[in-house]
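Reviewing the structure listed below.
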Amino acid sequence: MGAPRRWASRLLDLAVRRLAPADSGWGSAMLRELDFVAGEWAALAWALGGAAALGRHFLPRRWTLQEIGRTTAGLLVGVVLAAGVLALSLGALLRLLPDSFAAWQQEHAAAAGWLTVVVVPEIVLVLAVASLWPRKRSIAIGVVLAAMTLITHFALYVARHGYAGGSL
Amino acid sequence: MATQLRLSPQTALVLAEFLAAPQQWQYGYDISRSTGLKSGTLYPILMRLAERALLEASWETGEAGKPPRHMYRLTAEGLRYARQQALAPATRRSPRPALDGAPS
């Protein structure tokens, strides 16, 4: 069995697994027919078409408009929640640092900056994701997206300006 | 129920293929080869026909140790519907090969 046929088999198998058990018969049928398709690339084309057909036919049943709306709203709530945490953290630490840790802040300006805008918010976001994941997954995914955006921004900034560039 | 089925040229091809051998069970890949329809077009048609009880599907009890194949044929209602649509095999379009290098 060549690579294209292997990919084809994996692709269809993956598609079948995503279906509800009651709907998986059609996917299994396509998967079985794959053994009779002559030609490696033809097998891949068969699998691609089959997976697309399964998606078009069965996904609309599972992803109703209401479900899509609920998931999107959850994601947005998660992102807003994360932005709120970041703003709160920034505000609180900007007030706290000069008042309580002025000497430390002056000595470690870069560390204080990153602590304020990255470390503390990321810790809060990770804790939020851990607590939201079992019950409110779409919100948790929104928080994860925001946290990943923040950490990516941090990584790019450090790569470009260096660690000390983050001083406030 | 059958009147809700959108009779596209591709659906007409599939119905004509079944009409050519009304009592015979047919495999998906064989239908694909003889109609020239690719899997992404053929299977949605088969699914819609089955949902409207125009097509029945069955798992073939093949050789031991080999997984079964899915087979299809028109139900009595499906046959009636196909004939009503005047889809005689002689009127269908000439088939194109669905996939290169199909086995004989």
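Throughout, a chain's letter reflects where its sequence line sits, starting with A, and its residues are numbered from 1. Values below: all heavy atoms of this structure, side chains included; hydrogens, waters and symmetry mates excluded.
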Are [X] and [Y] connected in the hydrophobic side-chain network, where two residues link if heavy atoms are under 4.5 Å apart?
{"X": "Leu54(A)", "Y": "Leu14(A)", "value": "no"}
{"X": "Met47(B)", "Y": "Leu7(B)", "value": "yes"}
{"X": "Trp25(B)", "Y": "Ile45(B)", "value": "no"}
{"X": "Val80(A)", "Y": "Ile139(A)", "value": "no"}
{"X": "Met71(B)", "Y": "Leu54(B)", "value": "no"}

Heavy-atom nearest pair, Ser39(B) first then Gly50(A), reads OG-N, 3.2 Å

For Tyr29(B) and Ala38(A), work out which heavy atoms get closest and say how close. OH-N, 3.6 Å

Looking at side-chain heavy atoms only, is the closest gap between Arg69(B) and Phe36(A) below 4.5 Å? yes

For Arg80(B), which residues count as a side-chain hydrogen bond (donor to acceptor under 3.5 Å, both in side chains) partner, sequence neighbours excluded? none

Give me each pair satisfying ring-ring contact (aromatic ring centres under 6.0 Å, His included) with a member in residues 117-138 of chain A, each pair once, sequence neighbours excluded. none

Name the option with the most non-hydrogen atom pairs under 4.5 Å to chain B; the candidates are Ala47(A), Ala51(A), Ala53(A). Ala53(A)

What residues of residues 26-34 of chain A sit under 4.5 Å from chain B when only non-hydrogen atoms are counted? Trp26(A), Ser28(A), Ala29(A), Met30(A), Arg32(A), Glu33(A)

For Leu150(A), give me all partners under side-chain contact (heavy atoms from CB on, under 4.5 Å), at least two apart in sequence or on another chain. Leu86(A), Pro121(A), Glu122(A)

From CG (Leu48(A)) to NZ (Lys38(B)), nearest 0.5 Å: 12.0 Å

Residue, of Pro67(B), Gly28(B), Pro44(B), that accumulates the most heavy atom pairs under 4.5 Å with chain A: Pro67(B)

